[in-house]
Engineer: 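Mind having a look at this structure? Questions to follow.
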Amino acid sequence: MTDPVTQKIGQAGEVTMLASTPNDPVHILAFHGGGGVAGTPDMMVPFAQRVTSGPGVTMALARYRTLNADQASFEDMRADAAQALDWAQAQIPAGGRLYLLGASFGGLLALDALLEASAEVQEHVTGLILLNAVTDTGPDGFANRVIKPEDHVHLSPIARLKGHPMLSRLRCFMAHGGQDDVVPIEVSHRFAALWPKDRCEMMPFPNSSHGFFNRAPHDKTVAAAVRKFVGAAPVEAKRTVSTGLLPKGATMVYGIGAQKAGTSWLFDYLKQSEESHTVHIKELHYFDALYVKSEQSHLNNRLAQLRRAVDNLTPGMDPANRKRLRDTQLLAERLSIHAAAPGDHRPYVEYMTKGYAGQKIICDFTPSYCTLDAEGFREMDSLGPAKFIFILRDPVDRLWSQIRMAIGAQNPTLSDAAYEAKCVAHAQDLRDKRDIARIPRADYARTMEALEAAVPSDHIHYAFYEDLFSQDSVDEICAFLDIRPHKVAGDKRVNLGRSTVLPDAVEQMLSEALAPQYQAVSARFGDSVPAAWRESVVPPSKKAPQAFSKKAVRLLTGFGDN
């Protein structure tokens, strides 16, 4: 790979060139994003360097005029994109292949340039690479100061390409973040549906927001996928382990069980071991706040807490300020883990090892880490020796416990009857509005797939909540962590919630909706799945009549409800 080199094309245009080796067979002409309002090719240089880090690929990053920098119109931008495509087509040596890459607004320009090009130029284009691309500028599509649907609806690629002969000749690769609030992923799904099934590859990143491909940890994954798509040899992946970040002899232990699945109980159990080091809080929300958009609220909430703590300080001599200052200090220290650039995990490790005294394991139990994808788990595993504990709980029991916790927190003074009615209504609302089998914190199948794609299997331990509170279960966990077990206090529970009976009709509704998770776990673990899980697959109407189901007994007594 060479250093970026900028060269002029035509009278006003320019491109930034990155080449892996001379005479590469694959040439990619790329258009950056920015909504046409701003942006430059420099935005894409780090990603382009990853794509050209192995042999066979040259990239040209086209500069086009923008509204802020050049007071340019959309027609000016279209003209610049067309000029860049004409230039790129003329550079292709015999036998070479040309791909157009568009990121966000750049996808709109890439598609427009291709559709407006002459037949000769179109024939030289092998495929398209679209990264969270604008593909719809119709009435319900993308719009901003540059793109006004009333003026440009006739240029919407999703309408212009429908049934187009190029769909059967070109190949297309698309990558999109599931939490993109600039260009919704549903638009890319609709665009991909235009193509014959074997001509378009769609790679979703469920946790990611707009521009994810240009940031850690997904930049490496998307760059590798682009190289594979264009037929370039893969760059040898080396597992990066920052062993220098952890104290010698220490292993990071991540607890990633689903919400209301017993992680608090297990954390408290391990906290009592002389071979375990923990910080004063259980859930740090570091990796999830870093890589999962829907979990970034944890960071925002802590910032708000710090502001309130500072506002509560009083001027002058006030003994109450001692506690207030201590609270402020603890919040500031907790927030310090985020005071670094993405990929620099030293502040996090420094916080985790504060007071460390040679223990074998260092524990971070944050259940919502289960929402991470493979790249996030790979990043966690890169800090040094690491082991992962994933606790699974019967999906219906877990969701009902979560519902009861949420309703109880919002309405602490409700009568029993009103409390149960609100829980039932919330369960119905969840089922009606969401695919509850795919709720990120409860999608066991997705978490296991992502975890096992990133972490060696002997560094993962699966445990079932229903078996967790036994000596045998914790002995297995301690053996996995290579620490000595201690006696289980079997009657101790953590974060017990308010109890109410799960009505049979609601149980059946939730069981049916969560059936994909029961099936996935049953296929993965077979007879190791606790009996209570297998009962949940059978609708209550088909069970033998009884005064209360086993679930109801557990809920009425509060047994194991954390």
Side-chain angles (χ1 to χ4, degrees), residues 253-267 269-270 282-283 288 363-374 376-377 380 387-403 405 435-455 457-470 472-481 493-495 497 502 507 510-511 513-538 550-551 554-555 559-562:
V253 177
Y254 300 109
I256 62 169
Q259 189 177 21
K260 305 303 291 180
T263 53
S264 294
W265 184 89
L266 182 58
F267 179 80
Y269 175 86
L270 294 176
K282 174 196 163 215
E283 299 185 25
D288 54 348
C363 298
D364 179 357
F365 274 48
T366 304
S368 54
Y369 287 169
C370 69
T371 61
L372 290 163
D373 52 24
F377 286 131
M380 293 168 70
K387 292 188 176 182
F388 294 74
I389 300 173
F390 185 25
I391 306 174
L392 299 88
R393 180 180 182 180
D394 175 280
V396 170
D397 280 356
R398 191 214 65 78
L399 183 56
W400 185 243
S401 179
Q402 179 184 338
I403 289 169
M405 178 185 71
D435 179 358
I436 59 176
R438 297 290 179 262
I439 293 174
R441 289 196 181 199
D443 192 346
Y444 300 157
R446 189 212 65 81
T447 298
M448 289 189 294
E449 180 182 359
L451 185 59
E452 292 170 3
V455 178
S457 59
D458 60 342
H459 291 183
I460 304 170
H461 181 84
Y462 294 106
F464 288 101
Y465 170 89
E466 291 76 8
D467 301 329
L468 181 63
F469 312 101
S470 68
D472 287 345
S473 179
V474 295
D475 284 354
E476 287 183 11
I477 291 171
C478 290
F480 168 69
L481 300 178
R493 294 293 183 266
V494 179
N495 296 336
L502 172 60
E507 180 178 1
L510 297 180
S511 293
L514 290 163
Q517 291 303 323
Y518 285 108
Q519 294 161 5
V521 175
S522 178
R524 178 70 170 76
F525 296 103
D527 291 340
S528 297
V529 180
W533 280 53
R534 291 194 289 274
E535 290 177 5
S536 295
V537 182
V538 182
K550 288 184 179 179
K551 289 188 191 64
R554 289 201 300 276
L555 293 168
F559 171 77
D561 184 32
N562 82 339

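Given the structure is predicted, the values throughout are model-derived calculations rather than measurements.
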Engineer: How about Trp533 and Ser528: do any of their side-chain heavy atoms sit closer than 4.5 Å?
Structural biologist: no

Engineer: Quick one: does Tyr518's side chain get under 4.5 Å of Val529's, heavy atoms only?
Structural biologist: no

Engineer: In Å, rounded to the nearest 0.5 Å, how long is the span from OH of Tyr462 to CZ of Phe480?
Structural biologist: 10.0 Å

Engineer: If you measure from CG on Leu451 to CG on Asp373, what distance do you get to the nearest 0.5 Å?
Structural biologist: 11.5 Å

Engineer: Considering non-hydrogen atoms only, spot the tightest contact between Leu392 and Glu466 and give its length.
Structural biologist: O-OE1, 4.0 Å

Engineer: Checking side chain to side chain contact (heavy atoms under 4.5 Å, CB included) against Phe464, which of Val521, Ile391, Asp394 comes through?
Structural biologist: Val521

Engineer: For residues Phe365 and Tyr254, establish whether the separation of their ring centroids is below 6.0 Å.
Structural biologist: no

Engineer: Ile389 and Ile256: side chain to side chain contact (heavy atoms under 4.5 Å, CB included), yes or no, with the steps?
Structural biologist: CA-CA 6 Å; Ile389 300 173; Ile256 62 169; over 6 Å; no

Engineer: Assess the residue pair Lys282 and Cys363 against the criterion (side chain to side chain contact (heavy atoms under 4.5 Å, CB included)); give the C-alpha distance rounded to whole Å, side-chain angles, the decisive distance to 0.1 Å, and a yes or no.
Structural biologist: CA-CA 9 Å; Lys282 174 196 163 215; Cys363 298; over 6 Å; no

Engineer: Which heavy atom in Ile436 sits nearest to a heavy atom in Ala513, and how many Å separate them?
Structural biologist: CD1-CB, 3.5 Å

Engineer: Is any side-chain N of the basic residue among Glu452 and Arg524 closer than 4.0 Å to the acidic one's carboxylate O?
Structural biologist: yes

Engineer: Decide yes or no for Asp443 and Ile439: does some side-chain heavy atom of the first lie under 4.5 Å from some side-chain heavy atom of the second?
Structural biologist: no

Engineer: So, does Thr447 use its side chain to make a donor-acceptor pair with the main chain of Cys370 at under 3.5 Å?
Structural biologist: yes

Engineer: Return yes if some donor-acceptor pair links the side-chain N/O of Arg446 with the main-chain N/O of Thr371 below 3.5 Å, else return no.
Structural biologist: yes

Engineer: Without swapping roles, check the side chain of Ser470 against the backbone of Ser473 for a donor-acceptor pair under 3.5 Å.
Structural biologist: yes

Engineer: Using the rule given for side chain to side chain contact (heavy atoms under 4.5 Å, CB included), can you reason through Asp364 versus Val253, listing the C-alpha separation, both sets of side-chain angles and the distance that settles it, and then say yes or no?
Structural biologist: CA-CA 6 Å; Asp364 179 357; Val253 177; over 6 Å; no

Engineer: Where is the tightest heavy-atom contact between Trp400 and Leu502, given as atom of each residue plus distance?
Structural biologist: CD2-CD1, 3.6 Å

Engineer: Mind checking whether Arg393 and Tyr444 have side chains closer than 4.5 Å, heavy atoms only?
Structural biologist: yes

Engineer: Do any N or O atoms from the side chain of Gln517 and from the backbone of Ala445 form a donor-acceptor pair under 3.5 angstrom?
Structural biologist: yes

Engineer: Any side-chain heavy-atom pair from Val474 and Leu270 closer than 4.5 angstrom?
Structural biologist: no

Engineer: So, does Ser511 use its side chain to make a donor-acceptor pair with the main chain of Glu507 at under 3.5 Å?
Structural biologist: yes

Engineer: Measure the CG-CG distance between Leu510 and Leu399 for me, rounded to the nearest 0.5 Å.
Structural biologist: 5.5 Å

Engineer: Does any non-hydrogen side-chain atom of His461 lie less than 4.5 Å from one of Phe390?
Structural biologist: no

Engineer: As a quick check of understanding, evaluate side chain to side chain contact (heavy atoms under 4.5 Å, CB included) for Arg441 and Tyr369, giving each step before the final call.
Structural biologist: CA-CA 8 Å; Arg441 289 196 181 199; Tyr369 287 169; over 6 Å; no

Engineer: For Asp467 versus Pro530, what's the shortest heavy-atom pair and its separation?
Structural biologist: OD2-CG, 3.8 Å

